[in-house]
Amino acid sequence: GTKDPTKYWDEQGKEMYKKFRETVKSDGETKGAAVNAIGSANDEGGRIAALAAFVRMSVRNVYDSKVSNAERAAFFQKLPKDRERTSTEILRSGLGMPSEINTVFAARAGQAGFEVRPALVADRGEIIFSPKLMDRYFLDHEAVALRSGTTWKIVDVANKDVAPGMLPWGEEGMMALVGDSKMPAFVQL
């Protein structure tokens, strides 16, 4: 249509960031988890790996084959109908959807001193995405963006098949929208 792609994605990125800020809230009880998880790791990669390991041990993926059908049914029945769960709620439940696992990671990474943002990633298995395509549908994978110097590093800890800091093959080289309250931006992965 006649929409401006820059304006469309700016609105999408700001809205995504607003929702993200609500879900990464933590309480005093869970704030120490980030510091404990990092332990003695002092470089960026080691800190990310330690946080990812903590989250993967603390929150199981509801779609994992080791989760029983009864557990899965109870999980979906207990989900709030009118809002997203906070990182504290997810961590306490020990069970979450992939996007929620990344929410817990984002909250802990923020507590550990990382600058954290939400990220939406395209998958080449669906389409070679371009920001000129103004349809949120094709940015359907939620991940976490961590500031690394002057660039963003996209991390997905919900996917246990890839090491922290790596992405599945379908997302490598694709575009990701990094949400922000003022200036959302696309980054090439």
Side-chain angles (χ1 to χ4, degrees), residues 1-24 45 48-49 51-52 55-56 59-65 67 72 75-76 79 81 83-85 87 90 95-107 109-110 114-189:
T2 58
K3 291 181 184 178
D4 175 22
T6 304
K7 185 176 180 182
Y8 174 80
W9 290 115
D10 188 61
E11 291 169 1
Q12 292 291 315
K14 287 177 180 177
E15 182 63 28
M16 172 180 49
Y17 182 76
K18 181 180 173 186
K19 290 178 182 177
F20 172 80
R21 294 303 306 158
E22 292 299 315
T23 61
V24 295
I48 292 171
L51 286 170
V55 171
R56 287 175 175 171
V59 183
R60 296 180 302 150
N61 189 328
V62 71
Y63 300 114
D64 191 294
S65 61
V67 174
R72 195 172 291 115
F75 169 82
F76 284 112
L79 281 178
K81 305 293 184 230
R83 64 178 177 81
E84 302 287 325
R85 295 192 306 163
S87 65
I90 299 162
L95 195 60
M97 291 181 279
S99 62
E100 292 181 322
I101 294 169
N102 282 325
T103 296
V104 172
F105 175 78
F114 286 98
E115 185 177 346
V116 182
R117 298 285 186 276
L120 294 175
V121 183
D123 184 337
R124 80 176 70 239
E126 295 177 358
I127 191 171
I128 302 299
F129 179 81
S130 165
K132 292 178 184 176
L133 179 63
M134 294 180 291
D135 194 338
R136 162 78 169 73
Y137 173 81
F138 295 111
L139 290 177
D140 57 352
H141 185 82
E142 297 178 28
V144 178
L146 301 174
R147 174 76 72 186
S148 179
T150 59
T151 62
W152 290 103
K153 179 182 280 192
I154 307 300
V155 179
D156 176 12
V157 300
N159 188 334
K160 290 185 177 184
D161 294 331
V162 295
M166 295 183 71
L167 295 169
W169 72 269
E171 295 172 11
E172 291 288 346
M174 296 299 290
M175 299 293 288
L177 176 64
V178 176
D180 190 73
S181 63
K182 296 178 182 152
M183 292 187 62
F186 276 99
V187 296
Q188 183 80 40
L189 304 180

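Heavy atoms only: backbone and side chains are in, while hydrogens, waters and symmetry mates are out. Since the structure is predicted, the reported quantities are computational estimates derived from the model, not experimental observations.
Using a cutoff of 4.0 Å between basic side-chain nitrogens and carboxylate oxygens, Arg85 and Glu100 are scored as salt-bridged.
Residues in residues 125-155 take part in these ring-ring contact (aromatic ring centres under 6.0 Å, His included) pairs, two or more places apart or across chains: Trp9-Phe129, Phe129-Phe186.
Interatomic distance, CE of Met16 versus CG of Leu177, reported as 4.0 Å (0.5 Å rounding). Within the model, atoms NZ of Lys19 and CD of Glu15 stand 5.0 Å from one another, a figure rounded to the nearest 0.5 Å. Once rounded to the nearest 0.5 Å, the distance linking CD1 of Ile48 with NZ of Lys153 reads 4.5 Å. A distance of 11.0 Å separates CD1 in Ile154 from CE in Met175, rounded to the nearest 0.5 Å. Once rounded to the nearest 0.5 Å, the distance linking CG of Asp10 with CG of Asp4 reads 9.5 Å. To the nearest 0.5 angstrom, Thr6 atom OG1 is 9.5 Å from Met134 atom CE.
The only member of Asp156, Val157, Val24 that meets side chain to side chain contact (heavy atoms under 4.5 Å, CB included) when paired with Phe105 is Val157. Checking each of Val144, Val55, Val155 against Asn102 for a side chain to side chain contact (heavy atoms under 4.5 Å, CB included) leaves exactly one that passes, namely Val144.
Under the side-chain hydrogen bond (donor to acceptor under 3.5 Å, both in side chains) criterion, Asp180 pairs with Arg117, not counting sequence neighbours.
In the displayed structure, Glu84 atom CD is contacted under 6.0 Å by at most 12 heavy atoms of other residues, nucleotides or ligands. Within a 6.0 Å radius of CZ in Arg124, more than 12 heavy atoms belonging to other residues, nucleotides or ligands are found.
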Under the side-chain contact (heavy atoms from CB on, under 4.5 Å) rule, what do Met97 and Leu79 come out as? Steps first, then yes or no, please.
CA-CA 11 Å; Met97 291 181 279; Leu79 281 178; 4.0 Å; yes
Could you walk me through whether Phe114 and Leu51 satisfy the side-chain contact (heavy atoms from CB on, under 4.5 Å) test, starting with their C-alpha distance in whole Å, then the side-chain angles of each, then the deciding distance to 0.1 Å, before giving a yes or no?
CA-CA 11 Å; Phe114 286 98; Leu51 286 170; 4.1 Å; yes
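The shortest distance between side-chain heavy atoms of Ile90 and Val59 falls below 4.5 Å. Between Tyr63 and Pro98, some side-chain heavy-atom pair lies under the 4.5 Å cut-off.
A donor-acceptor pair is defined here as one N or O able to donate and one able to accept, closer than 3.5 Å; no such pair exists between the side chain of Glu142 and the backbone of Pro118. Listed for the Arg72 side chain is a donor-acceptor partner under 3.5 Å among the backbone atoms of Val62. Judged by distance alone, the side chain of Tyr8 and the main-chain N or O of Arg136 form a donor-acceptor pair under 3.5 Å.
Looking at every heavy atom in both residues, Ala176 comes nearest to Val121 through CB-CG2, 3.9 Å. Of all the heavy atoms in Pro131 and Pro5, the pair that sits closest is O-CB, 3.7 Å. Across all non-hydrogen atoms, the minimal contact from Leu139 to Ala122 is CD2-N, 3.5 Å. For Ala109 against Leu146, the heavy-atom pair with the smallest separation is CB-CD2, 3.9 Å. Closest heavy-atom contact between Ile101 and Asn61: CD1-CA, 3.6 Å. A pairwise comparison of heavy atoms in Val116 and Gly110 identifies CG2-N, 3.5 Å as the closest pair.
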